[in-house]
Protein chains: 2
Amino acid sequence: MVQDSSERLFSQSVEDYVKSIYLLQQDSGSVTTSELAKKMKTSPAASTKMIKHLTENRLTEHTRYHGVRLSPAGEKIALEIIRHHRLIELYLHQALGYEWDEVDAEAEKLEHHISEEFEARIDKMLDYPLTDPHGDPIPTRELEIAPRRGAPLDNSEPGDTLIILRVRDSNPEALRYLKHLEMRLGTILKIIEKQPFNGPITLKIGEKTHSIGRELAGHVFVERYVREVVD
Amino acid sequence: MVQDSSERLFSQSVEDYVKSIYLLQQDSGSVTTSELAKKMKTSPAASTKMIKHLTENRLTEHTRYHGVRLSPAGEKIALEIIRHHRLIELYLHQALGYEWDEVDAEAEKLEHHISEEFEARIDKMLDYPLTDPHGDPIPTRELEIAPRRGAPLDNSEPGDTLIILRVRDSNPEALRYLKHLEMRLGTILKIIEKQPFNGPITLKIGEKTHSIGRELAGHVFVERYVREVVD
DNA sequence: AATATAATTTAACCATGGTTAAATTATACC
DNA sequence: GGTATAATTTAACCATGGTTAAATTATATT
Ligand SMILES: [Mn+2]
Ligand SMILES: [Mn+2]
Ligand SMILES: [Mn+2]
Ligand SMILES: [Mn+2]
């Protein structure tokens, strides 16, 4: 729409671009026009125009032909939207029984349209949660955010015993397949074999053995598992 | 925004105009340009333009200078949005503890952004409810809708014993004040006195007596109360 | 029937956020 | 250092949904 209802300061488009820049610059420091265009599924020209607009509004810093990064004000907005997104995902999962592959699409829209009141109420109802259904950290009300946990599963070596801490949230088919393999948050697994030439990884979960491709393994983030110590 | 995300067929603006036409034509049969503009808080020129656009898309029928009415397709969309709105209002009230004066504003935005999945899930969770927190009927999944119940309180006469079936949902201050007077859905009251020249109405609720103005009384819809018969 | 007034429509304009095609700039390689 | 290629930016365009001001039409009154 053109009219921005009630009290929102920025359009849905601006919010989504800023959020995408935040997520992309986590990996790369700064974000190129074409990376952003790809993530937003628009043309590079649209990306350039929006970068110009964001920079005029002091949400980003931009040096022509050399990528964009968020200003402190931009980061604040990104974290607000990410907080909405992840709280909504968790709420849909916990309160309404959504599966972990269904929550992202719904949250992608709702994140722009809930009030601070709604945010506060679901935050309280969920008892101030720290992670979303994919293991991503939820920014606090003060917009502090914990670091992302885990390293990609395809970086691990045969013999390692690992625990799943996080998964990429954006690919529903991958998420459904992982669930089908019983690979959830907290699942413990052992790497049995890793085929060369980017071949499949064989792993053991409970008594079962599975073989998964490198691409799928790249969606799963793990850390070494040390048996929990009971006092 | 300009881009209409994912699967929605019509913009938020179109949805809100169509919904407003539906609500206005309930009273008046057909809706004038200026009535619509007033309800949408835009200029008459914007209203005219949208009416033209809706008519080109076969959501309304329009004869120049003589008002607009919904086509069957337009009515379908209106009922879908009204169903969203009222289900969301009830959900916010029941599941998240919103007061009846808070739900309308939040639902006004969310109604455009929930999926059919979300609609189905809250409908089930609320056990397929028939009325919203203001006593308005909720269209069924097949978009059948019950008639609005009750007549304006200011049409009743001294001596009448009445039950509150419905209230206007759009004025939060009025709703808060009614709640403060313990005038809720299902409240039983008796008209004691009605001052002439549009003067106040005195009524008795339980042991308490209140006096309210005609304007506020026009927000409350009642029917004659007949003591419930127990088998 | 003519006319004043109010309602409605049209015209010209604007901002947002898209598109494709052309121009510009960076950079990798010979 | 010149040049091919890829990335980026600019230009020209479009749709949506607003605005205000001017033109048109309906209608109520004399
Ligand atoms: Mn989004
Ligand atoms: Mn997530
Ligand atoms: Mn609305
Ligand atoms: Mn309502």
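Chain letters run A, B, ... following the sequence lines, proteins first, then strands; residues in each count from 1.
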- Message: Enumerate the salt bridge (Lys or Arg N to Asp or Glu O under 4.0 Å) contacts for residues 19-36 of chain A, please, sequence neighbours excluded, ordered by first and then second residue.
- Response: A/K19-A/E108, A/K19-A/E111, A/D27-A/R148
- Under 4.0 Å: is that the gap between some side-chain N or O of B/S13 and OP1 or OP2 of D/dT16? no
- Item | B/R8 (side chain) donor-acceptor with B/H112 (main chain) under 3.5 angstrom | yes
- Query: Is any side-chain N of the basic residue among B/D123 and B/R83 closer than 4.0 Å to the acidic one's carboxylate O?
  - Reply: yes
Name every donor-acceptor pair, under 3.5 Å, that has one atom in a side chain of residues 68-82 of chain A and the other anywhere in the protein, sequence neighbours excluded.
residue	atom	partner	partner atom	Å
A/R69	NH2	A/G29	O	3.3
A/S71	OG	A/R58	O	2.7
A/S71	OG	A/L59	O	3.1
A/S71	OG	A/A73	N	3.3
A/S71	OG	A/G74	N	3.1

- Between CD on residue B/E61 and OG on residue B/S30, distance to nearest 0.5 Å: 11.0 Å
- Take the protein atom NZ of A/K38 and the nucleotide atom P of D/dT8, then report the distance between them rounded to whole Å. 13 Å
- If you fit an axis to the five pairs at each end of the helix from C/dA1-D/dT30 to C/dC30-D/dG1, how big is the angle between those two axes, to 10 degrees? 10°
- Should B/L54 and B/V18 count as side-chain neighbours, where that means a heavy-atom distance under 4.5 Å? yes
- Task: Name every residue in residues 26-37 of chain A that has at least one heavy atom under 4.0 Å from any atom of DNA chain D, in order of residue number, or write none if there are no such residues.
- Result: A/T32, A/T33, A/S34
- Item | Gap between atom CG of B/L24 and atom CD of B/Q26 - 0.5 Å precision | 9.0 Å
- Task: Using the side-chain contact (heavy atoms from CB on, under 4.5 Å) rule, pick out the option among A/I191, A/I201, A/V220 that qualifies with A/S156.
- Result: A/I191
Could you list the donor-acceptor pairs under 3.5 angstrom formed by side chains in residues 39-49 of chain B, with sequence neighbours left out?
residue	atom	partner	partner atom	Å
B/T42	OG1	B/Y17	OH	3.3
B/S43	OG	B/A46	N	3.2
B/S47	OG	B/T33	O	2.9
B/T48	OG1	B/P44	O	3.2

- For B/H219, enumerate each residue passing the side-chain hydrogen bond (donor to acceptor under 3.5 Å, both in side chains) test, keeping only those at least two apart in sequence or located in another chain. none
- Whole-Å distance between C/dG18 P and A/M40 CE? 6 Å
- Query: Quick one: side-chain hydrogen bond (donor to acceptor under 3.5 Å, both in side chains) pairs with a partner in residues 94-103 of chain A, sequence neighbours left out?
  - Reply: A/Y98-A/E106, A/E99-A/K179, A/D101-A/R176, A/E102-B/R121
- Message: So, using side-chain hydrogen bond (donor to acceptor under 3.5 Å, both in side chains) as the criterion, who are the partners of A/T60 when residues are at least two apart?
- Response: A/T55
Distances for protein N or O near nucleotides 1-5 of chain D N or O, under 3.5 Å:
none

- Message: Once rounded to the nearest 0.5 Å, what's the spacing between atom CG of A/L90 and atom CG of A/D136?
- Response: 11.5 Å
- Message: Between P on C/dG17 and NE2 on A/H112, what's the gap in Å once rounded to a whole number?
- Response: 12 Å
- Nucleotide by nucleotide, nucleotides 23-28 of chain D touches protein heavy atoms under 4.0 Å in the pattern (B base, S sugar-phosphate only, - none) -BSSS-
- Message: Among residues 41-62 of chain B, which ones have heavy-atom contacts with DNA chain D below 4.0 Å?
- Response: B/T42, B/S43, B/A45, B/A46, B/K49, B/M50, B/H53
- Item | Min side-chain heavy-atom separation B/K194-B/R214 under 4.5 Å | yes
- Excluding sequence neighbours, so at least two apart, what forms salt bridge (charged side-chain N to carboxylate O under 4.0 Å, His left out) with A/R141? none
